[in-house]
There are 2 protein chains.
Amino acid sequence: MRLSSPGLNHQSQEGEKKCLNSELWHACAGPLVSLPSVGTRVVYFPQGHSEQVAASTNKEVDSHIPNYPNLPPQLICQLHNVTMHADVETDEVYAQMTLQPLSQQEQKEVYLLPSELGTANKQPTNYFCKTLTASDTSTHGGFSVPRRAAEKVFPPLDYSQQPPCQELIARDLHDNEWKFRHIFRGQPKRHLLTTGWSVFVSAKRLVAGDSVLFIWNEKNQLFLGIRRASRPQTVMPSSVLSSDSMHIGLLAAAAHAAATNSRFTIFYNPRASPSEFVIPLGKYVKAVYHTRVSVGMRFRMLFETEESSVRRYMGTITGIGDLDPVRWPNSHWRSVKVGWDESTAGEKQPRVSLWEIEPLTTFPMYPSPFPLRLKRPWPTGLPTFPGMLLR
Amino acid sequence: MRLSSPGLNHQSQEGEKKCLNSELWHACAGPLVSLPSVGTRVVYFPQGHSEQVAASTNKEVDSHIPNYPNLPPQLICQLHNVTMHADVETDEVYAQMTLQPLSQQEQKEVYLLPSELGTANKQPTNYFCKTLTASDTSTHGGFSVPRRAAEKVFPPLDYSQQPPCQELIARDLHDNEWKFRHIFRGQPKRHLLTTGWSVFVSAKRLVAGDSVLFIWNEKNQLFLGIRRASRPQTVMPSSVLSSDSMHIGLLAAAAHAAATNSRFTIFYNPRASPSEFVIPLGKYVKAVYHTRVSVGMRFRMLFETEESSVRRYMGTITGIGDLDPVRWPNSHWRSVKVGWDESTAGEKQPRVSLWEIEPLTTFPMYPSPFPLRLKRPWPTGLPTFPGMLLR
DNA sequence: GTGTCGGCCGTCTGCCGACAA
DNA sequence: TTGTCGGCAGACGGCCGACAC
């Protein structure tokens, strides 16, 4: 007889752990990820959402997925709720957002109201992130802590002891406690995590190439998180619903919400998604309407480095136009074709969105003379590329 | 060094391993699961599909999911394709089916054609299934093989040797080889799997309560599969798409296919789904139109036992009517309210579908006098419960 | 007939400094 | 400064029959 096994309290996978540590979530998500603030207005891109599903199921959007002609390529929404989550199995971070498309009337008034540029991302100050080496993940030994990292984020050791050591207790995203013996020994001296480390490695199923990060906050609390090496294959178990149905579901949910001005829920998985697809309205408006771009123009764009910091890559705009003229005409999603300066950047996306880049102008930046009030109601109508608007 | 187990070919989760062992798949799916044959006509129930998603995501269908008024509660479809699959991570078995709703005209002619009752389920003959004990999964020892099982499904040992032993090689659903030392020893003598067993247990992450099964087929090949104890927590990582969107997706995909008579794809996960939701047309027609049921009538229904065999439970029909009169009026899905004889059956579903039960008639079963040709076009129209039809 | 245990041996885990990159 | 290794001691994996249910 197939019965559900008792004991485990499963019901509350989500909904209970609402208040997980925000600093830790952001640290795991990476330096480039920022979440829009509750109560603000955002622009939601079904295309970007679709890309997230495609990346996760490792399957392209099939051509026989129905069109949703009444679903615009971007939806201005009120952001009612944002909660941070972490997958119980994999520790993947993701955010749940509740969006409500503005009414037609409200959409027109959008430019009369101040619009938010989005909060800056708050990466913790006292933290470090290390990519695990073969030795770190081997059963032969412990974890070698980079010296500066240990001195910055671990409680100070009593160096008069020989060897100096202490017990560290760190909490992960699920509020589980992990205990480590932190010791400063060897010749030359180095910081190591010994007892407790291997338990952590096997529990989290870490392998060489994955990253671990520690945070030391103002309340003298220690947190730790993980970032898995992007195994090309984080294929989500689709043993229950076909990827086609998932794509359709996302589109239908958005279309229904748009038609009825009702709320809908989306999940944003920053490390699975190629790009953010919920953009603060102000950031969008500024990039699309108040920035002059044209073919041949040079630009900079931020990327995350291996060591979880950011660096800029340079490139040149090679074209402007629809990514998918059939399904998503007149969309600003990845409307900019680009070429990258460095040959090592060969794997970078050949198309970006306007709000992702920072155009380099030879002439000084000036406050936009363009009136905030548009003459034509928006977002209905013809293609509205910046070049046309700034005529 | 602790490395991710080599050899796993991740890239080809689906698509490649089309021809996985059918016997093994059915053994893992259980004795009650049967798949309709390719080329036949089936009845697809969006409600049942929805229940599968609800069970997997552990979330009820939200009330704000849009209605699909043009999506009937059952869809007669041509079954174009059925492939058996197994989840790479968990070994969960599931089937992918390609369905094509019949045209309106074809739907009317359904009863003029012979309809298939569905193939009987083919459980392998030489197989056994054992629920793992604490000792079986402990690191302290190996696997204790039930005597009859060993004699039935393992190659015979040479009992003149002391102790008799041999090397067994078995293949799993992914065609991976597993080697075990099979020995007959101890006082009293018993069959054991020793060397190789613990590797298997840890690789498959088996725990006490899970089941393992072995098959010995006609070609003298040995296969093995697993069935996890239904941790209600096979919650699929929904870090990418909300369960609402999944529900909508399934409905929208079916609605679109119904409207355009085009093909759509569904996944059927027999151990995650509360009930089958793709039913052979003949089985459906027989149950719904050629069987007389009424309140107070007694019936039998098959269930799977702990030991992977089947037994009948008895019950009484307590009511007949819509499960969800608002969303799914006039549906035959779980239209029968029942009470179960045994108090231990308290967790059994209070509602079943007609094709799941075997009504007990005090009067002899007679060939249905009901004409095969319906007067009223079907499936449009008013509720068509058997009682009304047999007036 | 089979689940669990004590006993016993061998392998591997895991802590140490050496050494080199 | 830190990744990997050889050395070593102790823990645990894993094979055995005893024993009980």
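Numbers restart at 1 for each chain; the letters A, B, ... are given by sequence-line order, proteins then strands. These figures come from a predicted structure and were not determined experimentally.
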What is the ring orientation for [X] with [Y], classed by angle as parallel under 30°, tilted 30 to 60°, or perpendicular over 60°?
{"X": "B:F200", "Y": "B:F180", "value": "perpendicular"}
{"X": "A:F143", "Y": "A:F128", "value": "parallel"}
{"X": "B:W340", "Y": "B:F303", "value": "perpendicular"}

Of the non-hydrogen atoms in B:L206 and B:T137, which two are nearest, and what is the gap between them? O-CG2, 4.2 Å
CD1 on B:I226 to CZ on B:R205, rounded to 0.5 Å: 10.0 Å
Interatomic distance, [X] [atom1] vs [N] [atom2] [rounded to whole Å]:
{"X": "B:D136", "N": "C:dT2", "atom1": "CG", "atom2": "P", "value": "11 Å"}
{"X": "B:H140", "N": "C:dT4", "atom1": "NE2", "atom2": "P", "value": "11 Å"}
{"X": "A:F143", "N": "C:dC15", "atom1": "CZ", "atom2": "P", "value": "14 Å"}
{"X": "B:R190", "N": "D:dC19", "atom1": "CZ", "atom2": "C1'", "value": "10 Å"}
{"X": "B:F184", "N": "D:dC16", "atom1": "CZ", "atom2": "P", "value": "14 Å"}
{"X": "A:R148", "N": "D:dT1", "atom1": "CZ", "atom2": "C1'", "value": "10 Å"}
{"X": "B:L192", "N": "C:dG1", "atom1": "CG", "atom2": "P", "value": "14 Å"}
{"X": "A:L132", "N": "D:dG3", "atom1": "CG", "atom2": "C1'", "value": "13 Å"}

Is the phosphate of [N], meaning OP1 or OP2, less than 4.0 Å from a side-chain N or O of [X]?
{"X": "B:K189", "N": "D:dA18", "result": "no"}
{"X": "A:S198", "N": "C:dG14", "result": "yes"}
{"X": "B:R185", "N": "D:dC16", "result": "yes"}
{"X": "A:R147", "N": "D:dT1", "result": "yes"}
{"X": "A:S135", "N": "D:dG3", "result": "no"}
{"X": "A:T195", "N": "C:dG14", "result": "no"}

Considering only [options], which nucleotide approaches the side chain of [X] most closely?
{"X": "A:T194", "options": "C:dT2, D:dC15, C:dC15", "result": "C:dC15"}
{"X": "A:P146", "options": "D:dT2, D:dC16, C:dG14", "result": "D:dT2"}
{"X": "B:S144", "options": "C:dT2, C:dC19, D:dG3", "result": "C:dT2"}

Between A:G141 and A:P188, name the one whose nearest nucleotide on DNA chain C is closer to the 5' end. A:G141
